[in-house]
Amino acid sequence: MELDKHYSPQAVEDKWYSYWMDKGFFDSTPDEREPFTIVIPPPNVTGVLHMGHMLNNTIQDVLIRKARMEGKNACWVPGTDHASIATEAKVVKMLAEKGIKKSDITRDEFLGHAWEWKNKYGGIILDQLKKLGASCDWKRTRFTMEEDLSNAVADVFVKLYNDGLIYRGTKMVNWDPAGKTTLSDEEVIYKETQSNLYYVTYKFTDETKHHFNNELGGLQVATTRPETIMGDVAICVNPNDERYKTLIGHTVIVPVVNRVVKVIADDYIDIEFGTGCLKVTPAHDENDYNIGEKHGLEIIDVLDDDGKIHARAGAYVGMDRFACRKQIVKDLEEQGLITKTEHIKNTVGHSERTDAVIEKKISTQWFVDMKEFLKRHPQVLSSVMNDEVKFYPSKFKNVYKHWLDNIKDWNISRQLWWGQRIPAWYDNQGNYVVAKTEVEAYEAFKNKNMTVAAGELKQDPDVVDTWFSSWLWPISVFDGFKEGDKKDYNYYYPTNDLVTGPDIIFFWVARMVMAGYAFNGQKPFNSVYFTGIVRDKLRRKMSKSLGNSPDPLELIEKYGADATRMGLLLSAPAGNDILYDESLIEQGRNFCNKIWNAYRLLAGWEVVDDTKVDATVLKSNQLANEWFKARLQTAVNDVHAAFKDYRLSEALMSVYKLVWDDFCSWYLEMVKPVYGEPINQSTMAEVKANFENILTLLQPFMPFISEELHHALYEGTPAKALIVTDFPKATEVVNLVDDKALAIIAEVRNLRNSKGLSPKVAFEVIVKTEQPANYQGWESIIQKLANVSAISYNADKPEKCISSLIGTDEMYIPYAEMLDEAEEKKKIAEEIDYLKGFLKSVDAKLSNEKFVANAKPEVIEKERQKKADAEEKIQKLESGLA
RNA sequence: GGGAGCUUAGCUCAGCUGGUUCAGAGCAUCUGCCUUACAAGCAGAGGGUCACUGGUUCGAACCCAGUAGCUCCCACCA
């Protein structure tokens, strides 16, 4: 059968994926083997595959495939995350398109729509992972909001509450006006922003003017948020500020609402900033809130949940906060109350999910007491610091520690419907208990000797933060919280590797460690591999708005999954950002093609008995085999070493060079019969075995093409599928073959090239050496690869010839036509000069007493060897010159 | 404002305990080739004051100090 010149992935990928699935190679059940477990960072159900997922899941697949081939019971658990905010927003939007408003339907109706949506679209991203070749155990697919997992969330909530680690409290929290929910501190992204600092005049009251006045007739107050003026309840200055000392205790008039407020003093105020006067708005700023508490000030929240001005403000009611800011500035300017506008840089919090500007707001929410939590579970920090849980790269240990050292309480309640509902129950007076079920809640009230009427209790309407369920993921996917035999949990947990981005180190990684130790007394994973962030060539993050984010499925369609995987892996050393460029994937495609063509070559050979082939060819093929096997083993060892430190791009590069350079460029060329000749049977067997080993090394990285060729190699009936073939083991490299013969080939090619001669010009070669054995047997290979017509040893140096050094051996090429004596002499003289300089530096070292006294013996020995070599070379060159 | 990390070839990066496997790899570039597996290819070649300045050492890309630039994380300055 004629094979196409180019490898076409489309034809083979689906075939092998179904084959693996049908044979159950991805499935895992506990047995006597050593387990190797990875749980997927569950992508959002609403998500579609992006380049970050591609990288992340390719790495997981490489790790899991290698482990599987090493005979471990490999188990990669897939699943999705319900992603409260993102999904709820999507469903709200979808309903809006149908003309349904969330506020017009009941919670149950909404959830009905949401589940319907999830069932319809929630599997898309997992199907996309299959295209990538992900070898997940799909039978184990989990979802963070399925019943068992939600039960675990409720149990954990109740437990933490009973342990005194969850409390309900009123604090200043982050409010997302777009998502209409509170957020944890981690979900607020602070961005540096160009802002205006407005200098607003607060007029003195008549009472104040008796004591103090100025040409403005008021106090200048600097603010970036004039729209909160209606919530001002005081002006605060530093007690040591000479400018305002006499004003403390007196009053000024808040513009817009004409509220009379006091000037108070607090050390918090920075005399240098702005005018040194702060307008105090306790409802909208944490510091203002603290000042307000200290000084017993009123709290006037001027915003509603949408970020619009609330009726409480008494002005601009119903206006959007940003529109209001503009309007107020305009109005105040007209009244002459804004005297200056300064451009400053400050940081403004944005919602991680909706990107809306976050408002600070006083609210009653549920919190986890993190300081106490960590006090009770010190392993959360120590396990990472002492490498019981290993971070790759380790620099993230610092980040982790710093966060834990400065941790704040975790706000876990969200004003959403899509998620696990908070297991707290309230009576009509607002008394509450925490209980998993309504029945237990009534029971709890009774136990507290409080009477409640039947049907009176109402469950808290809020749900928990999505991460409050995700942190249980490595335990809950193995039913670690469920009553029962816990066979899976005991076998698979703790998992081996977690592969994820550093952006969720606090959201998720840290909290999984917490959950692991708190709920089961064990770490969730042995190692964490932090991938980089996928960026474009210009180091910009991939984003929809920039349009620099390619559609991964189109890439797979265009170049094939193997090529895409390779392109991503090559550019992704651990922890470094990966700079995506389509040319990398082209490189992957070219590599697939190279492997494909290597197969085409040997598939075309006619095989005959060894007896039918010349003995010198047999001998040289044997040498070629030995040579290649040593190279192969070296590469295998490199691959293992690289895997040990999760340097996957280096591992792949070792295989790449092995295949392209050692296997294709050298080995196959060595054993390739001259045109029209057959290959002997034993060599063919060796070639196949070597090719097989290469495919095995490739399988974790490029599973499709390697499986395809593995089957092709055995004409469709291999003993085993490649995916479960043993991965080559690291062992000592034996039979290191001296590759002086290769040096001759390179030198001859080089000479021909530098003289501008056609490769078709054949040379005769004479080698002067004390060790002809280094070359003997390679003659036919040298002749074939370097186009040498004849090779002989230690013959007299011809009258006219080109000479060069192969190590310390000499090589002569009698080829008068290309000899330019003058130039040749010049070159040799230059070479001698260089060597003499080199020799001088070596001599300087060796005659340095301190060097000889302090350096390690092997270093000195090396220097002596260098000296001897250089001297020998110089001597030979000089005699050649003469 | 605090902390961490980085700076090696045109680009992206290796370089472990200081010592010719210490100046490397891949890509890109240049030269010559449609050689009967592959032009998505073959054979070659060029290219770096290892950010800068000092120091330690017989010896520094590597250790120390300082300088400059970049990146990330954290932080309540109106």
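Worth knowing before you read on, the calculation uses all heavy atoms, side chains too, and leaves out hydrogens, waters and symmetry mates. No experiment lies behind these values; they were computed from the predicted model shown. Protein chains get the first letters and strands the later ones, always in sequence-line order, with residue 1 at the start of each.
Across all strands, Arg225(A) comes closer than 4.0 Å to no nucleic acid atom at all (heavy-atom distances). Residue contacts for Glu849(A): at a heavy-atom cut-off of 4.0 Å it reaches no nucleic acid atom on any strand shown.
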- Please step through side-chain contact (heavy atoms from CB on, under 4.5 Å) for the pair Asp241(A) and Ile269(A), ending with a clear verdict. CA-CA 9 Å; Asp241(A) 194 333; Ile269(A) 302 300; over 6 Å; no
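Using Watson-Crick or G-U wobble geometry with both donor-acceptor distances under 3.5 Å, rC6(B) finds its partner in rG69(B). Under the Watson-Crick or G-U wobble criterion, with both distances below 3.5 Å, rA37(B) is left unpaired in every strand shown.
The phosphate of rA40(B) (OP1 or OP2) has no side-chain N or O of Lys594(A) nearer than 4.0 angstrom. The phosphate of rG41(B) (OP1 or OP2) has a side-chain N or O of Asn590(A) nearer than 4.0 angstrom. Tyr7(A) has no side-chain polar atom (N or O) that falls below the 4.0 Å cut-off from OP1 or OP2 of rC38(B). Applying the 4.0 Å criterion to OP1 and OP2 of rC42(B), one finds that Trp660(A) has a side-chain N or O inside that range. At the phosphate of rG44(B), OP1 or OP2 sits under 4.0 Å from a side-chain N or O atom of Arg749(A). Checking the phosphate oxygens (OP1, OP2) of rA43(B), a side-chain nitrogen or oxygen of Ser665(A) falls inside 4.0 Å. Residue Lys862(A) has a polar side-chain atom (N or O) positioned under 4.0 Å from OP1 or OP2 of rU21(B). Look at Lys760(A) and you won't find any side-chain N or O under 4.0 angstrom from OP1 or OP2 of rC33(B).
In this structure, CG of Asn597(A) is placed 9 Å from C1' of rA40(B), rounded to the nearest angstrom. As rounded to whole Å, 12 Å separates atom P of rU12(B) from atom CG of Asp577(A). Taking atom CG on Asn406(A) and atom P on rG1(B), their separation rounds to 18 Å, with Å as the unit. As rounded to whole Å, 12 Å separates atom P of rG1(B) from atom CD of Glu192(A).
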Anything under 3.5 Å between a protein N or O and an N or O of nucleotides 30-32 of chain B, put it in a table, one pair a line.
none

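rC16(B) sits 15 Å from rG24(B) when the P atoms are compared, rounded to a whole Å.
When the nucleotides rC77(B), rU12(B), rA37(B) are ranked by their closest atom to the side chain of Glu669(A), rA37(B) comes out on top. For Phe851(A), whose side chain is taken as the heavy atoms from C-beta onward, the closest listed nucleotide among rC58(B), rA45(B), rA4(B) is rC58(B).
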